[in-house]
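Here's the structure we're looking at; comments come further down.
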Amino acid sequence: MALIVQKFGGTSVANIEYLNNVADRILLARENGHQVVVVVSAMGKETDRLVELAKEAVTSSSTRRDLLRRETDVLLSTGEQVTIALLSMILINRGQKAKSYTGSQIRIVTDSSHTRARIQEIQTDKILHDLEGGSIVVVAGFQGADAEGNITTIGRGGSDTSAVALAAALDATECQIHTDVDGVYTTDPRMVEEARCLSRLTFEEMLELASLGSGVLAPRAVEFASKYNVPIRVLSSFNAEAPGTLIANESSQDKKPSQKSDRNSKEAGTMEQPLISGIAFSKDEAKLTVLGVRDVPGIASKILGPISDANIEVDMIVQNVAADMSTDFTCTVSRSDYEQAMEILTGVSKEIGAREVTGDNNIVKLSIVGVGMRSHAGVATRMFRALSDESINIQMISTSEIKISVVIEQKYLELAVRSLHTAFELEEN
Ligand code: ADP
Ligand code: ASP
Ligand code: MG
């Protein structure tokens, strides 16, 4: 008998019919002899609805944001609370023993950074006690409570992280993330029909894909899984036959496998390493350039210091080679920080005597990811050639050992993803 954590996302729990389908999946795992802890998201787009209600309620722009964040968490956490109660009722209605818990009831202890709290500790005694008694334990994702008992949420898409954190705390055999596609694909299957479902990925690759915009898993969930070596299996809520995608280290095959992981790990062992595993993209990007900056030591920190003081995260940074002792300095930030960053840099540019600041929030970041890149030269050339064949201009480039990212104009996104998918033969097995 294994202990598994099964997480079901918003679309998978959108109505009573779907919740009954979720119950089927849970009962299947039970029939296979497993103990099951279930983590659920809010139903459908409920969290978005609650966010909109909060916007309607707060009309004054001078209202203190820090005070509102605590109340936002009280509001947003209700979405998941509805799902846990309904799912437990459905399970009980089917003759099962089931018990629902909010994050604070379990004691998922977080820090006090409301709306983006970090999980510090999870108490497992109640869950283990209920499991021993034969219950299915249903836990609300996305939420916890700080040391003072204030309700917190852990960031949008955070139920993935709740599920993996619970799996780590309970030393579960695996964490199954059930969603509305069959697994992790070579790229978003809603954009590229030819995208192929991958049978296996390493934590490292999945972390890059998730951090670079593949919405299928929250990056922090993958971080947790890698840190505590919890295998993640991404599965479809709607297609019980699909084998899904296993995300694990090679060594995690030592862990007790469930029936499905057996099949996948054998397959992975014989597979040749592909050059790249997937393509990720992010529309949440904006670019700012300070033109005519004097090329002297300390200038980068003068430009970026005030940005980081305002808690704005900078992603890519490019400084051109100086001509005539003057250079241009470009960085990218999240689109939601664009206006504030522009205001700050306009002030900074006056102080340092730069010519002007220009900006563009019509850009996207496109990335290819794969551990196969380590041992193969020429990946970048192939990527740049495919984009140039479509006359797509590359505005910025950044690389790491297992990824290459480029910034391009947003209108070319779909064309670029499709052409790279073909150029790297990702549709082929
Ligand atoms: P959930 O509500 O279950 O958490 P999400 O909407 O957060 O579901 O994540 C699933 C979605 O992720 C899919 O519907 C798909 O459009 C998107 N997605 C983006 N990139 C990928 C990818 N590489 N593989 C699979 N799905 C992806
Ligand atoms: N309900 C939350 C959200 O929509 C958390 C989640 O679904 O993972 O962001
Ligand atoms: Mg999600």
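Keep in mind the model is a prediction, meaning the values are calculated, not measured. Read the numbers this way: they start at 1 and go in the same order the structure lists the ligands and their atoms. In what follows, residues are counted from 1 in the order of the sequence shown.
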Item to complete: Answer with side chain, backbone, both or neither: which part of Thr187 has a heavy atom less than 4.0 angstrom from an atom of ligand 1?
Response: backbone

Worksheet item: Heavy atom under 4.0 Å from ligand 1: found in Thr179's side chain, backbone, both, or neither?
Response: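 Contact part for Thr179 vs ligand 1: both backbone and side chain.
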
Can you tell me which residue and heavy atom of the protein come closest to [atom], and the distance to 0.1 Å?
atom	answer
atom 9 (O) of ligand 2	Arg156 NE, 2.6 Å
atom 27 (C) of ligand 1	Val216 CB, 3.7 Å
atom 2 (O) of ligand 1	Gly10 N, 3.2 Å
atom 7 (O) of ligand 1	Gly215 O, 3.5 Å
atom 25 (C) of ligand 1	Gly183 O, 3.3 Å
atom 13 (C) of ligand 1	Asp180 OD1, 3.4 Å
atom 15 (C) of ligand 1	Asp188 OD1, 3.4 Å

Pair [X] + [Y]: basic N to acidic O under 4.0 Å:
X	Y	result
Glu205	Arg200	no
Lys287	Asp315	no
Glu223	Lys227	no
Asp48	Arg156	yes
Glu52	Lys55	yes
Asp146	Arg70	no
Arg374	Glu401	yes

Practice prompt. List the steps and the verdict of side-chain contact (heavy atoms from CB on, under 4.5 Å) for Val82 and Met43.
Written response: CA-CA 8 Å; Val82 170; Met43 295 169 79; 4.0 Å; yes

Worksheet item: Counting both backbone and side chain atoms, is some N or O of Ser41 under 3.5 Å from an N or O of ligand 2?
Response: yes

Discussion item. Is it the case that ligand 2 has an N or O less than 3.5 angstrom from some N or O of Lys7?
Written reply: no

Worksheet item: Does the N or O separation between Val181 and ligand 1 drop below 3.5 Å for any pair?
Response: no

Worksheet item: Polar-atom distance check: Tyr185 versus ligand 1, any N or O pair below 3.5 Å?
Response: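 In this structure, Tyr185 places an N or O atom under 3.5 Å from an N or O of ligand 1.
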
Discussion item. In this structure, does ligand 2 have an atom that sits under 4.0 Å from one of the heavy atoms of Gly141?
Written reply: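 For ligand 2, residue contact (heavy atoms, under 4.0 Å) with Gly141 is absent.
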
Worksheet item: Going by heavy atoms, is Gly158 under 4.0 Å from ligand 2?
Response: yes

Worksheet item: Given that the side chain starts at C-beta and the backbone is N, CA, C, O, which of these parts of Glu80 lies under 4.0 Å from ligand 2, counting heavy atoms, or is it both or neither?
Response: side chain

Item to complete: Report, in ascending order of atom number, the atoms of ligand 2 lying under 4.0 Å from any heavy atom of Gly157.
Response: 3 (C), 5 (C), 6 (C), 8 (O), 9 (O)

Discussion item. Under a 4.0 angstrom heavy-atom cut-off, which atoms of ligand 2 come close to Ser159?
Written reply: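 Listed by number with element: 5 (C), 6 (C), 7 (O), 8 (O).
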
Discussion item. Give me each pair satisfying ring-ring contact (aromatic ring centres under 6.0 Å, His included) with a member in residues 165-198, each pair once, sequence neighbours excluded.
Written reply: Phe8-His178

Please state whether [X] comes within less than 4.0 angstrom of ligand 1, counting heavy atoms only.
X	answer
Gly157	no
Pro189	yes
Lys7	yes

Discussion item. Can you see whether Glu194 engages His421 through a side-chain donor-acceptor pair at a distance of less than 3.5 angstrom?
Written reply: no

Worksheet item: How about Ser135 and Asp130: does a side-chain donor come under 3.5 Å of a side-chain acceptor?
Response: no

Practice prompt. Go through ligand 1 atom by atom and flag the ones less than 4.0 Å from a non-hydrogen atom of Val184.
Written response: 24 (N)

Fill in: Worked verdict on Thr110 versus Thr152 for side-chain hydrogen bond (donor to acceptor under 3.5 Å, both in side chains)
CA-CA 7 Å; Thr110 71; Thr152 53; 2.8 Å; yes

Worksheet entry | Partner residues of Phe384 under the ring pair (Phe, Tyr, Trp, His ring centres under 6.0 Å) criterion, sequence neighbours left out |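 Once residues adjacent in sequence are excluded, Phe384 has no partner under the ring pair (Phe, Tyr, Trp, His ring centres under 6.0 Å) criterion.
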
